[in-house]
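Here the structure comes first, spelled out in structure tokens, and everything after it is commentary.
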Amino acid sequence: MSRQGILNTGMVLALLSLAGCASGPGGSVYVPAGGEASSAPEPPRTTENNEKPQVWRKSEQPEVRKPEQAPRSSKPSYSDAGDELSPAALSLVREADRLLSNGNAEGAIVRLERAQRIAPRSAEVYFKLSEAYVAGNKLGTAEQFTLKGLSLAGNDARLQRAGWLLLADIRRARGNVAGASQAEERASAL
């Protein structure tokens, strides 16, 4: 018998002995050394205590934290006044004022639009933007920004008066004399 034949015969015998150790359905594959199959311990059951009502002791219950409430501020509410200017926005407004005094309306508008993104609810920024658009001879846009600023001025009479007077000037420049008079009346009523 050749060496290859011996190797093949050995492999066939090994496979047959492994197949003989395996058992069919329902029987155990493992046979202990004593010859008898012992029963394996049952795994722990998780459903054993399901019939008993679960009692939670206060010490075992997870602690539920209540969200802390923000302290109330003495400042007016959101609808009563717009945002105050942050230092960054205030710096941009001052830079825009400098540019406006030098006749650079477009540069001022760019700075004020950045300030508007920082403080989107600040009436002062909208009024400054309106002034910059007036300097750039864009009166329609200036009137819209003034109206937006007036809507954000809240209860601040000084800011409202400044906005109404600015609106009166813009309307007069656009030829809307009646609208300018109405704006001046609103300013004088404050």
Side-chain angles (χ1 to χ4, degrees), residues 46 50 53-190:
T46 58
N50 281 348
Q54 189 163 5
V55 177
W56 286 92
R57 294 183 184 107
K58 185 159 183 114
S59 61
E60 295 175 343
Q61 293 180 354
E63 186 175 327
V64 178
R65 293 180 177 240
K66 294 181 180 177
E68 295 183 23
Q69 294 181 347
R72 292 190 172 228
S73 170
S74 62
K75 292 181 178 179
S77 68
Y78 178 74
S79 61
D80 293 339
D83 288 345
E84 291 183 18
L85 285 178
S86 66
L90 186 59
S91 172
L92 288 167
V93 168
R94 287 182 181 152
E95 191 176 344
D97 281 340
R98 185 182 52 78
L99 289 170
L100 274 176
S101 66
N102 291 335
N104 186 355
E106 290 300 319
I109 289 171
V110 170
R111 301 310 189 280
L112 290 168
E113 287 175 344
R114 286 179 55 202
Q116 180 194 12
R117 286 191 292 271
I118 293 170
R121 304 232 1 116
S122 172
E124 291 174 274
V125 171
Y126 283 93
F127 292 154
K128 286 291 181 181
L129 259 169
S130 178
E131 290 175 9
Y133 280 115
V134 167
N137 202 21
K138 298 177 182 173
L139 298 177
T141 307
E143 185 172 348
Q144 294 304 313
F145 275 103
T146 304
L147 290 171
K148 178 67 177 176
L150 281 169
S151 72
L152 296 173
N155 294 331
D156 189 342
R158 178 195 60 82
L159 208 53
Q160 285 184 357
R161 186 175 303 114
W164 286 113
L165 291 174
L166 179 61
L167 185 62
D169 291 342
I170 293 169
R171 286 181 173 170
R172 188 167 291 112
R174 295 185 76 190
N176 183 358
V177 178
S181 297
Q182 288 176 344
E184 286 174 342
E185 288 173 13
R186 297 285 300 264
S188 62
L190 296 170

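Within the model, atoms NZ of Lys138 and CZ of Phe145 stand 10.5 Å from one another, a figure rounded to the nearest 0.5 Å. Put simply, CG on Asp169 and CD on Glu131 are 9.5 Å apart, with the number rounded to the nearest 0.5 Å. Expressed to the nearest 0.5 Å, how far CD1 of Ile170 lies from CD of Gln144 amounts to 10.0 Å. Note that the OG atom of Ser181 and the CZ atom of Arg186 stand 14.0 Å from one another [nearest 0.5 Å].
Between Ala89 and Ala119, the shortest heavy-atom contact is CB-CB, 4.3 Å. Ile109 approaches Leu129 most closely through the heavy-atom pair O-CD2, 4.1 Å. Contact detail for Ala168 and Glu184: the closest heavy-atom pair is CB-CG, 3.5 Å. Nearest heavy atoms, Arg161 versus Ala187: NE-O, 3.6 Å. The two atoms that bring Ala115 and Leu92 nearest to each other are N-CD1, 3.6 Å, heavy atoms only. The heavy-atom pair separating Ser130 from Thr146 by the smallest distance is OG-OG1, 2.5 Å.
Looking at heavy atoms from C-beta onward, Lys128 lies out of side-chain contact with Leu100 at the 4.5 angstrom threshold. Residues Leu150 and Trp164 have side chains in contact (heavy-atom distance under 4.5 Å, counting atoms from C-beta outward).
Only one option out of Val93, Leu159, Leu112, Leu152 pairs with Phe127 in a side-chain contact (heavy atoms from CB on, under 4.5 Å); it is Leu159.
Scored by the side-chain hydrogen bond (donor to acceptor under 3.5 Å, both in side chains) test, Arg174 finds Glu143 as partners (sequence neighbours excluded).
Tyr126 contributes a side-chain N or O that, together with a main-chain N or O of Pro120, makes up a donor-acceptor pair within less than 3.5 Å. In this structure, Asp156 contributes its side chain and Arg158 its backbone to a donor-acceptor pair below 3.5 Å.
By the neighbour-count criterion of 12 heavy atoms within 6.0 Å, atom CZ of Arg172 is densely surrounded, having more than that number from other residues, nucleotides or ligands.
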